[in-house]
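Below, chains carry the letters A, B, ... as their sequence lines are ordered, and counting in each starts from 1. A quick note: this is a predicted structure, and the numbers were derived from the prediction, not measured.
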Amino acid sequence: MEKSYDPKQVETRWYRVWSERGYFTASVPAEGRPYAIVIPPPNITGSLHMGHALNNTLQDILIRWRRMQGMNVLWVPGTDHAGIATQNVVEKQLLGEGTSREQLGRERFIKRIWEWKAQSGGTIIDQLKRLGASCDWSRLRFTLDEGLSKAVREVFVRLYEDGLLYRGERLINWCPRCLTALSDIEVEHEDVRGKLYHIFYPLVDDPAVHIVVATTRPETMLGDTAVAVHPEDPRYNRLIGRTVRLPLTLREIPIVGDPILVNREFGTGAVKITPAHDFNDFEAGIRHNLARLSIFDQHARMDPSGMQGAQVDEALRVRLAGKPVHEARAIVVEALDKGGHLAKVEDHAMALGKCYRCKTVVEPFLSPQWFVKIKPLAEPAIKAVEEGRIRLIPESWVNNYLGWMRDIKDWCVSRQIWWGHQIPAWYCRHCNEGAIIQTSPKSYALSSEAKPLVARQAPSHCPDCGHSDPLIQDPDVLDTWFSSALWPFSTLGWPDQTPELARYYPTATLVTGFDILFFWVARMIMMGLKVMGEVPFREVYIHALVRDAEGQKMSKSKGNVIDPLTMMDKYGTDALRFTLASMASPGRDIKLSEERIEGYRNFANKLWNAARFILMNLEGPRAEAPVADRSPVDQWITSRLQKCIDEVNHSLEAYRFDEAGNALYHFIWHEYCDWYLELAKTAMADKDSREAALTRTTLVETFETMLRLLHPFMPFITEEIWQTIKQEGAPLGSAPPAPTKREGAPHAGGSIMVAPYPTPNPALIHDPIEGEIKAIQDLVTAVRDLRGVHGIPISRKLSLSVRVAGVEIHRILDTHRRTIMALAGLSTLTVGKDVAGPAEAATGPILFPGGQPGDLSIDLAGLRDVAKETSQKEKRLKELALRLEQTEKKLSNPDFVAKVPPEVLAKTRGQHQEFRIEYDKLSGELRRLREMGGGAA
RNA sequence: GGGCGGAUAGCUCAGUUGGUCAGAGCGCUGCCCUUACAAGGCAGAGGUCACAGGUUCGACCCCUGUUCCGCCUACCA
């Protein structure tokens, strides 16, 4: 074995072997409790980032753990077609080629995306493999593949038939760049400093009297259809029912009373109503039966025909035509000001909605869309969590979830893009004359009047009029999240009643980040309950975001991205995985730093070298004996191991990956390596003794168990070592009792992946012996402490006297005499009731089980040597002081500095420097020696 | 505006149902190349647990308030 662990060649080798041997493949008929996880499908456009790395590491830990426990494990992998995101990527490519999707046309554009997918869509999958993810790749799914498309259509039709889907003209969030509707949660809000404009609206029959409205969006005033005041506001309520002239237009609009819309305290207490450009106003428009005047087009530019409909002043209309929102605002404000309509402008903080995909400012836009009636779906989803049929971990998310679900609004599921599941609705040309607008030879727009025919397959004729002309399919596609919402059952074969579905649904655990709790998790719960009549998963582990060391969200533009692939190259996959797991404390973001990964790389290397040590020490006889008949040291490490096994299992049950990781780290490094290996060295000093033979057994047995315990976290190095030890011909000790038999499993043993996961054996826990060894450790540490304080190297042997009162402690020290001497570096060790020794030399109290402070005192006879050393050092120090003085004198002599050659001068200066350093060092040492000199003399 | 989370060693964070916990890793200091490992070993220093009150025999932990950070959410035009 090499002296240090080299992950590179190990990782690809073992991943291939695992894969070839079919360890990842689930077997439906196999025994064992089913344990299924569906992967949160990464976007096909994606490349593995730290969030993925964390998410999939945690899933893989659970999967590997459960697999080793003997459960019937299935981890379903897949990718998401990511509608807008993917379309954007390919559109960008087309732009670079000087063409566009419009030029290509729908069919060819979609074909182009599939080509792109064939080429680049597998990147993220390969990267997941790099991470060691033990997914069942034979069941890889894609949200747009045939089976899932079938599921999508089936669900769509069912929802429609149940009256939970409807089409209608509504105000929706519109991205003027992506040219599509967005759902509420696809809009990000950003605080900006805006202005509040106060505008005079004069009364028609009394132009001297006006009402002042306040607005942050003056450009939309051209589409106003009313002004609202509070019906109980004495300032205005007598004006309700009268009309005002809308400045810059030829229109007159009514004043209405609306207690819902109007907040008397805000602004002027009067608010303009623009139903086509504001969500509140849209609702108010319905209440007061107001017209909706759209003055923007789909690019959020001023629409000439819209403005004509709104009777905008001719000259202004010409100026505004085609202007984007911000320019239109300036023009309108200027026009208002010129006309004397602007009362005042004040600063105002407000939130701006932006598209979550492209960050373009979102515009409320009036258009016909498809909506899922969500309340009836939300109610059972609320209950499922309230009743604990689905458990959210950490629990703090429950309130968030419930709050959001109770306040949920209908889900706009139609998108005006091409990449996605086209909506399975068709329209008869004959029955919808006038509602179908041909926009190009091959494309149509459908007004809100069009009557859809929703079906699983394209209808051959119109059932209403009987015409067999091909019907026109709705050009819109579904929100990407619609298909993701079906993921837990669609990936298992639904709508077919597959054996997989019967065996693995509901799945066991969902592991995901909180950022898609509403986008995805909530919708899966709703759809699972609606379609399957059963929750999609029992537990949801919600992990945090990975941030950089400063707590900033990692982003390419900030340049603070720590790339998991780079980290894997540099430190190995196991180190990265262990880092992420150890830092996954619930409810807190992970602030990742490279140093941390480096630290766990060192841990891997530590394990590696422990393995080397074991291999080097396996020569010689081995003996078998029950643990109780082995040495106290062996019993001690076995007992400690049981506790570690217990803690790891319990932590994993509770999704405390951090605690499990820390327990492993501590046990392996600080107990097994730091202490047990050192203790074992003395036990094996006499190679052929029975003690050595038994120690070898314990050494390997413990190590082998440790490897299995660690495997879910660090799959590669554990496998490599496991196999190496086997190849060296060393039997792996008596394997602990297997929690479950592996009979019926699709694969035989041979890999640590399918070895049984350790379970604690309470019979092997031995607290008295743990106390005994703890006493030894304390004693050794006490001596080392004295060495440290006085700077005495381990190479100098000391003579130690220990005075003890108790019989038990006497026995313990006697038993471990040889070990103590070795670890503390002693030449002699005297233990007894009447041992002489000054109490002052003792360290703090060392407590033995049942012992008292003061049971023990230590006399470091070796310290007597200090006196000799002191005098030697003193002599040397005097010498140095003299030479220091001499060179100093030289250097301060102007003649010397001026006349001697530069190289000589430099040399003298260097000498002076050296003398100074040595002098300082020596005097420090001397001071310490003197300090203890009194006690030891 | 509402809600949630955070504030503990120089840095990043643990801290289980109020009573041997004030802890870990990294960093730092000193000593050591002791035949598994210098990516290492041994030892050490560092904290009024944000601030102010309160409950209690006792509070990092519970309650109230304050300050400062994040995040989510929201129609106050």
Side-chain angles (χ1 to χ4, degrees), chain A residues 1 3-5 184-185 188-189 196-197 213-217 220 228 260-274 278-284 348 350-351 364 394 396-397 399-400 403-404 407 514-515 517-518 544-545 547 549-553 571 575 579 582-583 585 587-596 598-617 650-651 654 656 658-659 662 665-666 669-670 673-674 677-678 681 780-796 822-825 847 924-925 928:
Chain A
M1 277 173 94
K3 209 165 175 180
S4 57
Y5 173 58
D184 293 342
I185 48 177
E188 291 175 353
H189 294 273
L196 194 59
Y197 300 85
V213 300
T215 178
T216 54
R217 300 203 53 192
T220 64
I260 299 172
L261 182 67
V262 180
N263 175 346
R264 277 185 279 180
E265 272 71 54
F266 187 84
T268 60
V271 54
K272 65 194 206 54
I273 301 182
T274 322
D278 182 280
F279 290 101
N280 295 314
D281 295 7
F282 180 82
E283 298 295 327
H348 180 69
M350 51 187 280
S396 54
W397 285 105
N399 280 337
N400 244 320
W404 189 77
D407 199 34
F514 66 80
D515 50 330
L517 185 59
F518 302 137
L545 244 49
R547 298 172 181 280
E550 273 77 50
Q552 298 285 314
K553 211 166 174 171
Y571 303 108
T579 306
S582 295
M583 296 184 80
S585 295
R588 198 188 268 250
D589 286 345
I590 295 178
K591 290 186 199 162
L592 189 68
S593 66
E594 193 170 333
E595 290 75 37
R596 196 80 181 220
E598 194 182 345
Y600 288 116
R601 183 271 316 261
N602 296 351
F603 173 59
N605 199 47
K606 188 75 180 175
L607 185 71
W608 184 254
N609 279 293
R612 290 180 61 223
F613 173 82
I614 287 167
L615 287 172
M616 288 174 186
N617 284 281
H650 273 109
S651 299
R656 289 303 302 263
D658 56 331
E659 287 185 345
N662 291 338
Y665 184 91
H666 185 265
W669 197 317
H670 297 304
C673 290
D674 283 355
L677 291 190
E678 295 306 320
K681 282 176 189 171
V780 169
T781 301
V783 178
R784 287 170 173 173
D785 187 7
L786 281 172
R787 279 181 181 281
V789 169
H790 299 302
I792 305 165
I794 191 81
S795 50
R796 178 189 287 177
L823 295 189
L847 277 182
E925 281 175 21
R928 277 199 302 278

Go through [options] for me and flag the one nearest to the [X] side chain.
X: Lys3(A); options: A14(B), G41(B), A38(B); result: A38(B)
X: Phe613(A); options: A36(B), A43(B), A77(B); result: A36(B)
X: Arg601(A); options: U12(B), A77(B), A39(B); result: A39(B)
X: Val262(A); options: G41(B), A36(B), A77(B); result: A77(B)
X: Arg784(A); options: G25(B), C42(B), A38(B); result: C42(B)
X: Glu678(A); options: C72(B), C37(B), A14(B); result: C37(B)
X: Asn609(A); options: A36(B), A39(B), A77(B); result: A36(B)
X: Asn280(A); options: U12(B), C75(B), G40(B); result: C75(B)
X: Trp669(A); options: G40(B), A77(B), A36(B); result: G40(B)

Q) C1' atom, A39(B) versus G25(B): distance in rounded Å? A)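 Per the computed distance, 15 Å lies between those C1' atoms.
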Q.
Taking only the C1' atom of each, what is the distance from G10(B) to C62(B) in whole angstrom?
A.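 Each nucleotide's C1' atom is 31 Å from the other's.
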Q: Could you tell me which non-hydrogen atom of Leu196(A) sits nearest to which non-hydrogen atom of Thr216(A), and how far apart they are?
A: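 Answer, listing the atom of Leu196(A) first, then Thr216(A): CD1-CG2, 3.7 Å.
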When all nucleic acid strands are considered with a 4.0 Å heavy-atom cut-off, which category describes [X]: base, sugar-phosphate, or nothing?
X: Tyr665(A); result: sugar-phosphate
X: Leu677(A); result: base
X: Ala270(A); result: base
X: His670(A); result: sugar-phosphate
X: Lys272(A); result: nothing
X: Glu188(A); result: nothing

Q) Considering only heavy atoms and no angle criterion, is a donor-acceptor pair shorter than 3.5 Å present between the side chain of Lys606(A) and the base of C37(B)? A)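 Side chain to base: pair present.
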Q) Can we call the ring centroids of Tyr665(A) and Tyr600(A) under 6.0 Å apart? A)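 So the answer is yes for these two rings.
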